[in-house]
Amino acid sequence: MPTFQAPRGTRDLLPADRVLWARAEASLRDLAARYGYREIETPLFEASAVFERGVGAVTDIVEKELFRVSPSRGEEREPWALRPEATAGIVRAYIEHGLHTQPQPVRLSLYGAMFRYDRPQAGRYRQFYQWDIEAIGDAGPAIDAEIIELGSRFYRSLGLAMVEARLNTIGDPVCRPGYLKALTAYYQTRIGEFPDLARTRLVSNPLRLLDSKDPAMVEINRHAPSMWDHLCDPCAEHFAAVRVHLDALGIPYRLSPEIVRGLDYYTRTTFEFVRPGAEGQQDALGGGGRYDGLVELLGGKPTPAIGFALGMDRIVHAMQEATAEGGAASADAAVPIAVIVGADPDDTVTRLRIATDLRATGLAVRADLARRKLGRQLEAAVRDGARYAVIVGDELPDGLVQLRDLGAASQKPVAVSALAALLRRKASAAGPG
RNA sequence: GUGGCCUUAGCUCAACCGGCAGAGCAUCGGAUUGUGGAUCCGAAGGUUAUGGGUUCGACCCCCAUAGGCCACCCCA
């Protein structure tokens, strides 16, 4: 066993892994830019209160899962926590920097690491990665549809066509209390059938009982009153309008009353992206909703907003499975067009100098600097995926090297001074693959 | 945070009832000194996750710890 290992719940992404990650990240950056969601970066940690107030102090998230950090010294008094999600920090930044003075809505995109302190298992890490999209300052249903369509497109761009959008509405502070009253009243009539854990939850967060996976609760929920029957007129109109927009865009979705968000600042639209057939609890690949109450809760003016977050760890996992099922393997960006090898293993100066000169012209080349014999150098070049080898040998005093086509196993002498232009032409001619 | 299963070389795994820790792949080197993913030969790689205990003797049995996985809790 090595002396040190990655901390519990974290892992190293080795170069072979990073290829897939980079592809997903490139796709999301491209999409965000084209949809007008501009990148923002917030600190990895914030005052704990940002999350506690935003999320609710009595929830498991804060009591159990918040990754708290405290300064080991100094005058800082405020307890900090690593960000468990992106929204609270983004909203804090929106308020702090007066982004309400910019044209509304402000469309924002953030990709990065999030942290939670709970017991790890596959697809659930203490350090994990999320892509977060927020549109702050627009109450209309069209922006809801834009964001859901953006999420759908992202999955499709990665070849995850099976991902399914699920849509719901949870009302707003006008109509939800009445619904909660009706729901609680119904649950009271059947509390005798409740599993133990569900009983405590009936008090703390009855809405959450709707997405319980306990068979008894599923049966009870079958006859539970529906939020949809209790919506106030504005909420009902909003919900209908979101669906009109999605239908107009041709975005398939399933209406799913169990998609709830347990927190008070969530309003109206909620949605998730799931992968049917995923093992265990790993089927949710992302989700979001409207949070018209959060900006005010964190000290800003009342401001409508909607956002969503996609878990990259699970997305990459899904991509790996899709690749294993016969999809195309992705290309490694670090494959060189040529490797500079030499007959004299010790002459690393010449090899490094030629490689450096070629790289200065923009080419992707690598010099073999391990002092091994020529055969080993060629072998390594082939296994690196290089198409050419530049062989430095006795011809060098005449200004010549051998340019060897590793695929065709043929070679010809080339002037060192002509190498860059020649390789550039080869690189652009054949293209990747 | 609760319960269960698991941990042998970088990776995938062997090792009889408790009796000298091995293989394949990968890595590095060699196969008459300037040419390849194959083949052959060789080397290196281990306190059997860690620490205790039982035993003449422990990869094997017992306890603890760490880590992984699974189911809960939860999923902002």
Side-chain angles (χ1 to χ4, degrees), chain A residues 1-11 14 16 50-57 59-67 81 83-91 114-126 128 130 132 195-198 200-201 204-205 208 211-214 259-266 270 272 279-289 291 294 307-309 311 314 339 341-345 347 368 370-386 389-396 401-402 404-411:
Chain A
M1 262 297 109
T3 307
F4 296 111
Q5 51 187 311
R8 181 174 203 197
T10 71
R11 64 206 170 132
L14 301 178
V50 170
F51 307 121
E52 286 162 357
R53 193 180 305 181
V55 171
T59 60
D60 258 42
I61 296 152
V62 165
E63 288 181 339
K64 199 178 76 182
E65 297 175 15
L66 203 58
F67 205 128
R83 63 186 184 192
E85 49 99 31
T87 305
I90 289 174
V91 168
M114 310 291 157
F115 303 85
R116 81 184 125 213
Y117 193 82
D118 66 354
R119 196 146 159 182
Q121 50 184 276
R124 174 187 246 190
Y125 302 95
R126 285 181 172 180
F128 56 102
Q130 284 191 341
D132 198 83
D196 289 343
L197 282 165
T200 57
R201 232 169 163 192
S204 63
N205 203 339
R208 271 267 163 216
D211 69 350
S212 171
K213 290 161 188 81
D214 187 288
I259 306 295
V260 297
R261 302 259 134 175
L263 308 178
D264 287 344
Y265 60 78
Y266 274 104
T270 60
E272 283 184 2
E279 70 282 3
Q281 305 285 310
Q282 311 288 319
D283 60 336
L285 293 185
Y291 51 95
L294 181 59
F308 77 138
R314 288 182 184 179
V339 175
V341 301
D344 176 6
D347 186 10
D368 195 318
R371 303 175 175 196
R372 50 193 163 193
K373 65 179 191 174
L374 184 56
R376 295 286 181 192
Q377 295 181 48
L378 286 168
E379 185 180 325
V382 167
R383 287 165 62 167
D384 251 12
V390 173
I391 304 173
V392 180
D394 296 337
E395 311 91 330
L396 189 64
V401 292
Q402 297 286 341
R404 183 173 181 83
D405 184 324
L406 292 170
S410 64
Q411 65 189 45

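Numbers restart at 1 for each chain; the letters A, B, ... are given by sequence-line order, proteins then strands.
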From [options], pick the nucleotide closest to the side chain of [X]?
| X | options | answer |
| --- | --- | --- |
| A:Arg372 | B:G29, B:C70, B:C75 | B:G29 |
| A:Arg376 | B:U35, B:A66, B:G29 | B:G29 |
| A:Arg116 | B:U35, B:G36, B:C75 | B:C75 |
| A:Leu406 | B:G36, B:C75, B:G30 | B:G36 |
| A:Pro120 | B:G68, B:U35, B:A66 | B:G68 |
| A:Gln5 | B:G30, B:A66, B:U35 | B:A66 |
| A:Arg208 | B:A31, B:U35, B:C75 | B:C75 |

For [X], answer base if it contacts any base atom (sugar-phosphate contacts may also be present), sugar-phosphate if it contacts only those atoms, and nothing otherwise; contact means non-hydrogen atoms under 4.0 Å.
| X | result |
| --- | --- |
| A:Ala381 | nothing |
| A:Gln411 | base |
| A:Glu395 | base |
| A:Gly393 | base |
| A:Asp132 | nothing |
| A:Asp394 | base |

Set out, line by line, the N/O atom pairs under 3.5 Å between protein and nucleotides 24-27 of chain B.
from: B:U27; atom 1: OP1; to: A:Arg383; atom 2: NH2; distance (Å): 2.1
from: B:U27; atom 1: OP2; to: A:Arg383; atom 2: NH2; distance (Å): 3.1

For atom CG of A:Leu374 and atom P of B:U35, their distance in whole Å: 7 Å
Counterpart residues, side-chain contact (heavy atoms from CB on, under 4.5 Å), relative to A:Ala381 (two or more places apart): A:Val339, A:Leu406
Test side-chain contact (heavy atoms from CB on, under 4.5 Å) applied to A:Ala343 - qualifying residues, sequence neighbours left out: none
Paired and unpaired positions of RNA chain B as dot-bracket, Watson-Crick or G-U wobble under 3.5 Å, | denoting a partner strand: (((((((..((((.....[..)))).(((((.......))))).....(((((..]....))))))))))))....
Nearest-angstrom distance, [atom1] atom, [N] to [M]:
| N | M | atom1 | result |
| --- | --- | --- | --- |
| B:G30 | B:A44 | C1' | 14 Å |
| B:A21 | B:C73 | P | 47 Å |
| B:U54 | B:C11 | C1' | 35 Å |
| B:G42 | B:G24 | P | 11 Å |
| B:U12 | B:G68 | P | 15 Å |

Ring-face cation of A:Arg126 near A:Phe115 (centre distance under 6.0 Å, axis angle within 45°): no
[X] versus [Y]: any side-chain heavy-atom pair under 4.5 Å?
| X | Y | answer |
| --- | --- | --- |
| A:Arg8 | A:Arg119 | yes |
| A:Asp132 | A:Thr87 | yes |
| A:Asp211 | A:Ile259 | no |

Those residues that, when tested against A:Arg83, pass salt bridge (Lys or Arg N to Asp or Glu O under 4.0 Å) (two or more places apart): A:Glu41
Atom pairs under 3.5 Å, N or O on each side, protein against nucleotides 1-4 of chain B: can you list them with distances?
from: B:U2; atom 1: O4; to: A:Arg119; atom 2: NH1; distance (Å): 3.2
from: B:G3; atom 1: O6; to: A:Arg119; atom 2: NH2; distance (Å): 3.1

From CZ (A:Arg404) to CD1 (A:Ile391), nearest 0.5 Å: 6.0 Å
Minimum heavy-atom distance between A:Met114 and A:Ala86, given as atom pair plus value: CE-CB, 3.7 Å
Phosphate-side-chain proximity, A:Lys373 and B:A31, N/O vs OP1/OP2 below 4.0 Å: yes
Side-chain N,O (A:Gln121) to OP1/OP2 (B:A71) below 4.0 Å: yes
